[in-house]
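The first residue of the sequence shown is numbered 1, and numbering continues consecutively from there. The model shown is predicted, which means the values in this text are computed figures rather than measured ones.
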Amino acid sequence: MQQHVLQAYDHAKEWLGQGKVASYIPQLACANSNNLAIAITNLNGEVYAAGDSEVKFTIQSISKVILLATALNEAGFDKVFEKVGMEPTGDPFNSILRLESMMKKPLNPMINAGAIAITTCITGQNKKERFEKIFSTAKLLFDDENLTYDKYVFQSEKQTGNKNRSLAYMMKSNGVFDGDVEEHLDIYFKTCSILANCKQISFLGAVLANGGICPKTKRQLLAPFIVKVICSLMTTCGMYDASGEYAIRVGIPSKSGVGGGIMAAAIGKMGIGTFSPALDNKGNSFCGIKAMEYLSSKLGLSIF
Ligand SMILES: NC(=O)CC[C@H](N)C(=O)O
């Protein structure tokens with residue numbers, strides 16, 4: 001397996017220099033566009049890695065999986081899907097278009113509007129308590145009690161995230177949720193700023209690939225039904241408006257983030273994490289997709 005990871009790394013490395021590091025969140029522009037890492041965690045918890053696999057990065061939209069898991073655990077399926085739909089959008093991840101033109105609620109929980117909406121399913125006395133619930137899920141699913149978040153990226157997005165702010169106010173005006181919009185946004189921004197490395201991303205993929213069972217301890221961390229919902233949505237919506245092409249080229253339920261990470265769950269086989277901060281024009285890691293394509297074809301991982 002190590003051999004395959006090294007070969008995927010060599011393959012993906014050829015594309016370093018393509019794509020652009022996200023800069024609409026100013027702090028993300030500090031990322032090193034030459035970073036590249038690939039990791040696989042198999043269902044016994046063994047890890048194979050290549051490249052900058054210890055470098056921490058903000059998980060950004062990969063956090064939508066953590067948010068959804070926490071919301072489903074706390075509020076249950078019906079309440080969560082009162083707030084969001086289950087359909088792909090075909091629009092960019094931060095688009096406001098459909099909140100006005102189609103339906104009042106966001107189309108799915110894998111886009112920004114959907115993730116912001118489901119933060120409201122996670123309750124608590126204050127925003128700290130609400131965030132802590134999500135953070136505990138993240139600690140569990142990344143197998144790291146000492147997980148942290150990047151305060152600079154959090155502040156940077158909080159200061160500049162007016163597109164997300166407008167999505168949130170639009171949803172409040174549509175009656176999707178109540179409460180303090182700035183509080184919901186703080187929770188969303190902080191969750192996006194959680195730091196993990198590529199190996200930890202692959203661990204989360206392995207938990208999902210293993211039906212919610214921890215590959216190391218064999219403890220059931222997530223209910224099988226929750227895993228099924230998450231993996232279905234990752235397949236149809238996880239790569240934003242590139243999910244269709246990704247299904248053809250890679251065919252593994254995956255979730256990407258603008259920090260440069262991609263997390264994939266090869267069901268019944270392994271979890272894969274890739275990291276490279278330069279993004280393509282849809283906001284997915286350029287080299288990460290190349291690595292996923294390579295591994296999918298070499299190891300026969302497409303579900304289709
Ligand atoms: N696609 C992403 O990773 C987006 C997450 C980012 N925090 C945002 O809200 O814009």
Quiz item: In terms of hydrophobic clustering (I, L, V, M, F, W, Y; side-chain heavy atoms under 4.5 Å; direct or indirect links), are Ile289 and Ile38 co-clustered?
Solution: yes

Quiz item: Does Lys83 count as lying over the ring of Phe81, i.e. NZ or CZ under 6.0 Å from the six-ring centre, within 45 degrees of the axis?
Solution: no

Quiz item: So if you build clusters from Ile, Leu, Val, Met, Phe, Trp, Tyr with side-chain heavy-atom gaps below 4.5 Å, do Ile59 and Ile262 land together?
Solution: no

Quiz item: Mind checking whether Tyr149 and Phe131 have ring centres under 6.0 Å apart?
Solution: yes

Quiz item: Taking only residues two or more places apart in sequence or in another chain, which ones pass side chain to side chain donor-acceptor pair (under 3.5 Å) with Asp144?
Solution: Gln200

Quiz item: Which atom names give the shortest non-hydrogen contact between Ser243 and Thr236, and what distance separates them?
Solution: CB-O, 3.3 Å

Exercise. Decide whether a cation-pi geometry holds between Lys190 and Phe154; the criteria are a distance under 6.0 Å from NZ or CZ to the six-membered ring centre and an angle within 45° of the ring axis.
Key: yes

Practice problem: Identify, with sequence neighbours excluded, every residue that meets salt bridge (charged side-chain N to carboxylate O under 4.0 Å, His left out) alongside Lys172. | Solution: none

Practice problem: Can you sort out the partners of Glu46 under salt bridge (charged side-chain N to carboxylate O under 4.0 Å, His left out), two or more places apart, ordered by chain and number? | Solution: none

Self-check item: Set of side chain to side chain donor-acceptor pair (under 3.5 Å) partners for Ser193, sequence neighbours left out
Solution: none

Self-check item: Residues in salt bridge (charged side-chain N to carboxylate O under 4.0 Å, His left out) contact with Glu87, at least two apart in sequence or another chain
Solution: none

Practice problem: Tell me, please, which residues at least two apart from Thr123 pass side chain to side chain donor-acceptor pair (under 3.5 Å). | Solution: Glu74

